[in-house]
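Report on the structure given below.
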Number of protein chains: 2
Amino acid sequence: MVKQRPTIADVASRAGVSKGSVSFALNGRPGLAQATVDKILAAADELGWRPSNRARSLSVSKAFALGLVITRDPAVLSSDPFFPAFIAGVESVLSTRGQALVLQVVTAGESEADGYRRLAQDARVDGVFLSDLRHDDPRIQLLVDLGLPAVTLNRPDGESPFPAVTLDDRPGTSAVVQHLLELGHTRIAHVAGPPAFVHATARSSAFVATLAAAGLKPAAVEAGDFTAAGGIEATRRLLALPKRPTAIVYANDRMAIAGLGAAQAAGLTVPDDLSIAGFDDSELAEYVHPGLTTVRADPFRFGEVAAQTLNQLVDGATEVPDVELPPAQLVVRRSTGTAPLEET
Amino acid sequence: MVKQRPTIADVASRAGVSKGSVSFALNGRPGLAQATVDKILAAADELGWRPSNRARSLSVSKAFALGLVITRDPAVLSSDPFFPAFIAGVESVLSTRGQALVLQVVTAGESEADGYRRLAQDARVDGVFLSDLRHDDPRIQLLVDLGLPAVTLNRPDGESPFPAVTLDDRPGTSAVVQHLLELGHTRIAHVAGPPAFVHATARSSAFVATLAAAGLKPAAVEAGDFTAAGGIEATRRLLALPKRPTAIVYANDRMAIAGLGAAQAAGLTVPDDLSIAGFDDSELAEYVHPGLTTVRADPFRFGEVAAQTLNQLVDGATEVPDVELPPAQLVVRRSTGTAPLEET
DNA sequence: TTGTAAGCGTTATCAA
DNA sequence: TTGATAACGCTTACAA
């Protein structure tokens with residue numbers, strides 16, 4: 001009753017050739033008469049033959065899958081606008097090659113390294129994406145030791161044998177600061193991401209540098225953690241400063257939206273009393289009130305390019321070049337406005 | 001240079017036994033002398049042997065992986081608070097069993113069915129999660145045809161051979177409505193999800209039923225699509241009604257937060273002029289201003305239970321019971337307040 | 001140009 | 001209680 005799926009042997013016998021020839025024909029390898037190739041392909045088609053990943057995997061020692069490890073920590077995982085779109089981009093490449101994406105979510109009490117180790121020990125994937133890069137990221141050496149090909153999302157600061165797909169966060173951050181400067185702000189504060197992250201410090205240093213270029217100093221730089229809760233905390237501290245900033249630049253939208261709420265809860269009007277800007281252009285940015293001025297990248301494209309780059313490595317390319325993606329673009333909405341008049 | 005991973009044959013020769021015995025010992029099967037079992041286990045340990053998923057897969061015709069198909073449609077994927085937590089819950093079960101989670105994101109131009117078909121044809125998984133159930137969901141028959149075990153998230157309305165893990169949306173919705181009734185509201189509107197979804201209609205019918213039990217009719221029921229953009233649209237229509245509702249119940253938080261923004265943009269004060277409630281208790285719900293009254297479920301637990309249930313099926317259990325999860329709980333915040341006085 | 005056979009690392013069947 | 005040996009479905013030398 002259960003229809004067994006046809007194997008290469010079935011195709012062979014139907015086409016009246018050997019298994020070896022079928023394999024050659026199916027993989028489009030030279031050295032077979034065109035007539036027999038046609039015959040084999042026809043037979044395979046009539047039988048509805050599909051290659052067995054399992055058998056191929058065992059035979060050629062490949063998994064035909066790529067891996068992504070993310071932590072279960074809500075700070076990284078929950079409602080982050082990056083991963084869903086990134087994953088969709090990755091899949092758009094994988095689905096055309098018959099590859100699968102294996103997601104490894106690191107649960108409480110484990111380190112992210114455990115996730116990569118599991119993936120490597122189980123030989124579940126042929127390569128992995130290295131996201132949320134840290135300074136002196138220990139995972140790079142780990143992956144080298146595990147012999148697992150990888151592509152890093154953004155460029156690590158230490159030595160790395162892996163190709164990097166990068167999206168420079170600095171122009172976007174600069175554009176936001178520039179925009180605020182043009183609105184007349186001079187007391188601008190920043191709520192940064194955790195300094196362990198490469199992209200967090202890239203944004204905060206660009207923030208500082210852009211102000212410096214205009215001859216200004218930051219009103220303050222608060223450490224956030226990319227979560228809404230952290231955004232609230234940081235915002236409260238900023239609003240309690242003796243000389244309250246007139247504008248706050250957040251390292252992501254979640255903190256910015258939370259900050260917006262905190263400012264409003266404190267009785268401030270945005271942008272009249274305080275301008276607020278985010279980073280990511282997440283879905284809600286456009287729809288909160290007032291709409292959030294932010295910076296928009298293309299995480300789907302990021303996923304596509306990262307998958308293509310990783311696949312070059314997996315396919316055996318020895319020199320895979322880094323790829324630089326176009327920087328994020330400023331999106332001006334209503335949460336930023338002209339600086340309030342100084343009450344002296 | 002490259003250290004080959006030890007195989008079962010290596011363990012066998014080191015322990016001085018046959019491959020067959022090693023396999024028995026490693027799988028803890030009866031019929032071996034305790035002494036040899038110990039000897040084999042010791043040898044395996046010294047060699048650092050790990051089972052090869054690939055070989056096992058081919059041999060026993062199992063993938064040791066479960067699959068989840070989600071659409072790339074931003075409406076479902078982006079910034080949905082459910083999936084990340086759900087996936088984390090799933091992983092917490094899979095990681096203890098050496099299973100992997102294969103994510104299949106359906107890209108533009110494909111149907112979700114294509115995703116399941118790919119998973120089945122490539123024999124990538126032993127079972128799948130069926131999420132976002134629709135009325136008369138065609139995927140159920142598809143999975144039956146594909147011979148792919150599944151567990152449905154919530155109970156389908158048609159015939160289904162698969163176990164269901166359910167979380168009744170009605171008590172949560174009723175609690176919200178009840179809360180608003182107690183605050184004196186009588187003109188309460190609803191922004192629903194797409195009627196094709198089982199959970200969307202469960203929520204809207206619970207909304208209507210709870211009002212009816214209090215002798216009231218809905219002020220209006222608008223069709224939303226679970227996205228922020230859709231939430232804005234629906235809210236604008238509601239606010240333009242001749243008799244504006246004094247409270248709006250949204251079928252999820254994203255629409256509610258967008259609706260909050262729309263109301264504020266229209267010059268209304270929440271909750272003085274309008275009460276707003278969501279569904280999900282997403283991260284931002286607590287931090288927008290005013291904090292969003294909503295309803296909280298436990299998607300992590302949902303994932304855990306769904307994975308356990310699916311695994312029973314995968315392990316060959318013939319009668320797997322449905323599991324009912326505790327309903328979502330009302331979380332009262334500042335976005336709901338006493339009904340405004342009627343201006344007659 | 002094609003067929004044969006070995007191998008990938010397990011599990012499972014049968015003798016011994 | 002154990003050891004051979006044959007699958008599983010494919011790739012790939014090596015022969016013919």
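What you see is a predicted model, and the numbers here were worked out from it, not measured in a lab.
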B/Asn27 vs A/Val60, nearer the 5' end of DNA chain C by closest nucleotide: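 The residue closer to the strand's 5' end, by nearest nucleotide, is A/Val60.
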
Five-pair end axes of the helix from C/dT1-D/dA16 to C/dA16-D/dT1, angle between them (10°):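 Between the axes fitted at each end of the helix from C/dT1-D/dA16 to C/dA16-D/dT1 lies an angle of 50°.
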
Separation of [N] [atom2] from [X] [atom1] (nearest whole Å):
X: A/Ile8; N: C/dA5; atom1: CD1; atom2: P; result: 17 Å
X: A/Leu58; N: C/dT10; atom1: CG; atom2: P; result: 9 Å
X: A/Asp38; N: C/dT1; atom1: CG; atom2: P; result: 13 Å
X: A/Arg54; N: C/dG7; atom1: CZ; atom2: P; result: 25 Å

C/dT11 phosphate, OP1 or OP2, under 4.0 Å from B/Ser23 side-chain N/O: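 So the side-chain polar atoms of B/Ser23 do come within 4.0 Å of the phosphate oxygens OP1 or OP2 of C/dT11, strictly under.
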
Ring-face cation contact, B/Phe64 with B/Arg56, 6.0 Å cut, 45° max: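 Ring-cation test returns yes.
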
Is there side-chain contact between [X] and [Y], with heavy atoms separated by less than 4.5 Å?
X: B/Pro163; Y: B/Thr152; value: no
X: A/Leu143; Y: A/Leu130; value: yes
X: A/Val102; Y: B/Leu101; value: no
X: A/Leu310; Y: A/Leu66; value: yes

B/Glu110 and B/Arg118 ion-paired at < 4.0 Å: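 Salt bridge flag = yes for B/Arg118 with B/Glu110.
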
Shortest non-hydrogen contact from A/Leu153 toward A/Ser131: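 Looking at all heavy atoms of both residues, the closest pair is CD1-CB, 3.6 Å.
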
Donor/acceptor link under 3.5 angstrom from A/Lys19 side chain onto base of C/dT4: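 It does not, because no donor-acceptor pair links the side chain of A/Lys19 to the base of C/dT4 below 3.5 Å.
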
Out of C/dT2, C/dG9, C/dT13, whichever nucleotide has its closest atom nearest the side chain of B/Phe24: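 Nearest listed nucleotide: C/dT13.
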
Touch class at under 4.0 angstrom, heavy-atom based, for A/Ser57 against every strand present: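 Touches nothing.
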
Touch class at under 4.0 angstrom, heavy-atom based, for A/Ser61 against every strand present: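 Counting heavy atoms under 4.0 Å across all strands, no contact is made by A/Ser61.
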
side-chain hydrogen bond (donor to acceptor under 3.5 Å, both in side chains) evaluation trace for A/Asn154 with A/His199: CA-CA 8 Å; A/Asn154 283 326; A/His199 62 296; 5.4 Å; no

Outermost nucleotides of DNA chain D that come under 4.0 Å of a non-hydrogen atom of chain A: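 The protein-touched segment is D/dG9 to D/dT12.
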
Test item: side-chain donor near acceptor, A/Gln99 and A/Asp126, under 3.5 Å: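 There is no such pair (donor and acceptor under 3.5 Å, judged by atom type) between the side chains of A/Gln99 and A/Asp126.
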
